[in-house]
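Just the heavy atoms: all of them, side chains too, but no hydrogens, waters or symmetry mates, feed the values below.
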Amino acid sequence: MYRDIRREHGPVVPVLLPGEVPAWLVIGYREMYQVTGDPALFPRDPGLWNQWPNLPEDWPLLPMIGNRQPSIYYTVGEEHQRHLDMVQAAMERISLMEVRRHSEQLADGLIDRFCSTGQAEIISAFAKPLPILVLARVLGFPDTDGPALIKDMGALADGGDDAIVAHQHFGGLINKLVASKREFPGADVASYMIDHPAHFTDEEYRLDLMAITAAGYLTTADWVGNSVRLMLTDDRFAASLTGGRNSVHEAMNEVLWEDTPTQILAGRWAARDAWLAGQHIGAGDMLLLGLQGANSDPETHAVTATSHDGLRSGNFAHFAFSHGEFQCPFPAREMAELIARTGIEVLLDRLPDIDLAVAPQTLTRRPSPFLRGLNVLPVQFSPTPAVGGR
């Protein structure tokens with residue numbers, strides 16, 4: 001698809017969102033670098049959007065696009081930096097050893113539910129619940145909120161008819177979390193955010209926690225699912241499923257290049273009229289960041305180093321975490337990678353002969369154009385006993 005539209009339109013493509021709402025999709029590596037690296041010309045400020053008068057109140061992508069609000073995701077300049085400093089400081093106080101311990105414990109608990117059966121559907125039974133259960137603990141949610149968070153995050157990501165209701169319910173869970181941590185602080189991100197010396201309102205804490213949870217959950221779940229799929233279907237990894245740990249890291253990095261969980265990110269808005277790759281971008285136009293399109297740009301493949309088997313295990317110049325002022329904060333990336341890698345390692349340790357139970361070509365993706373993840377990933381393996389919270 002990216003090859004075809006690049007051939008017809010070049011690296012910046014005119015597209016229509018639901019309801020015939022116009023936007024630009026950036027799929028060129030060089031153009032992506034330019035847009036994400038110039039927050040003055042292309043800020044992440046949805047208040048600039050020239051299409052607000054044309055949107056119905058129930059437009060399904062409203063929760064994803066948002067509007068001007070005091071959060072890390074929707075502020076710019078000094079105000080954005082203020083939120084970023086608070087969130088990063090809170091995340092840096094989280095012990096990565098604790099994150100790994102939570103990941104191992106929760107992965108074992110999930111695998112215990114199906115390991116004796118000899119078969120499982122890995123997306124719903126493992127890849128989706130693991131990240132949100134770990135994040136729930138890290139952020140300060142009680143474990144009991146995990147199922148509701150999974151349901152709400154899925155609805156938001158797919159942008160369907162239930163997205164607005166899911167967004168409201170998600171906000172209610174966050175409100176309860178902030179109120180609880182004000183009264184009973186703990187060793188978690190929410191408590192550390194509230195403990196930060198800069199002054200923030202409860203609304204700002206709520207919005208920042210919503211952004212962290214939404215950004216971290218389904219992307220990590222899809223990173224797990226896409227990586228396991230690659231390891232079960234690509235001959236380059238088949239020999240190492242029962243062996244070396246390097247193959248997990250290589251598969252995860254290959255996914256960020258070739259099958260990245262965040263395909264398209266909304267967005268940037270032109271602060272004034274501009275030209276980009278020969279396209280006239282009007283003031284207030286929305287630019288969608290086609291991260292996978294940029295990663296697959298033929299010009300990129302011509303200059304990025306690969307190993308003899310075609311893997312780019314030492315190359316991290318992809319756009320999977322975006323780029324520039326609004327890229328995913330480093331502590332969040334580190335945490336997501338640790339959760340995903342630990343989960344996959346535990347899965348392979350517990351089920352060493354795991355194999356795909358269906359033909360690879362029958363696997364299907366969720367309908368979201370923004371996030372790329374599998375609907376199901378059926379596997380089979382030799383039954384093994386539960387470890388009982390080892």
Ignoring hydrogens, what is the shortest heavy-atom contact between [X] and [Y]? Give both atom names and the distance.
X: Val138; Y: Val99; value: CG2-CG2, 4.1 Å
X: Gly186; Y: Tyr192; value: O-CE2, 4.0 Å
X: Gly225; Y: Leu377; value: O-CD2, 4.0 Å

In chain order, what residues pass the ring pair (Phe, Tyr, Trp, His ring centres under 6.0 Å) check against [X], with sequence neighbours excluded?
X: His167; result: none
X: Phe126; result: none
X: Tyr33; result: His323

Please answer whether the main-chain N or O of [Y] pairs with a side-chain N or O of [X] as donor and acceptor at a distance below 3.5 Å.
X: Trp52; Y: Pro46; result: yes
X: Asp273; Y: His280; result: no
X: Gln292; Y: Trp257; result: yes
X: Gln279; Y: Leu276; result: no
X: Asp112; Y: Ala386; result: no
X: Asn295; Y: His318; result: no
X: Asp297; Y: Gly28; result: no

By side chain to side chain donor-acceptor pair (under 3.5 Å) - contacts of [X] (at least two apart):
X: Gln81; answer: Asp85
X: Arg113; answer: none
X: Asp259; answer: Arg365, Arg372
X: Thr260; answer: none

Flag if over 12 foreign heavy atoms under 6.0 Å of [atom1], [X]:
X: Glu78; atom1: CD; value: no
X: Arg182; atom1: CZ; value: yes
X: Arg101; atom1: CZ; value: yes

Please determine if Asp188 and Arg137 form a salt bridge, counting it only when a charged side-chain N lies under 4.0 Å from a carboxylate O.
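Result for this pair is no, no salt bridge flagged.
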Distance alone, cut at 3.5 Å: any donor-acceptor contact between the side chains of His169 and Asp152?
yes
Just jot down the side chain to side chain contact (heavy atoms under 4.5 Å, CB included) partners of Gln119, sequence neighbours excluded, or say none.
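Applying side chain to side chain contact (heavy atoms under 4.5 Å, CB included) to Gln119 gives Thr117.
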Pairs involving residues 115-129, ordered by first then second residue, that meet salt bridge (charged side-chain N to carboxylate O under 4.0 Å, His left out) (sequence neighbours left out)
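Sorted pair list comes back empty.
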Once salt bridge (charged side-chain N to carboxylate O under 4.0 Å, His left out) is applied, what residue pairs with a partner in residues 325-339 remain, sequence neighbours excluded?
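Listed by first then second residue: nothing to list.
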As a quick check of understanding, evaluate salt bridge (charged side-chain N to carboxylate O under 4.0 Å, His left out) for Arg6 and Glu299, giving each step before the final call.
CA-CA 12 Å; Arg6 185 179 284 110; Glu299 292 187 13; over 6 Å; no
Does Asp355 have any salt bridge (charged side-chain N to carboxylate O under 4.0 Å, His left out) partners at least two apart in sequence or in another chain, and if so, which?
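Here no residue qualifies.
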Mind checking whether Tyr29 and Phe319 have ring centres under 6.0 Å apart?
yes
Cation-pi geometry met for Arg82 and Phe200 (6.0 Å, 45°)
yes
Hey, does the Lys NZ or Arg CZ of Arg268 hover above the aromatic six-ring of Phe42, less than 6.0 Å from the centre and inside 45° of the axis?
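Because its charged atom misses either the 6.0 Å distance or the 45° angle limit, Arg268 does not stack over Phe42.
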Inter- and intrachain pairs under ring-ring contact (aromatic ring centres under 6.0 Å, His included), touching residues 56-80, at least two apart
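ring-ring contact (aromatic ring centres under 6.0 Å, His included) check on residues 56-80 returns Trp49-Trp59, His80-Phe326.
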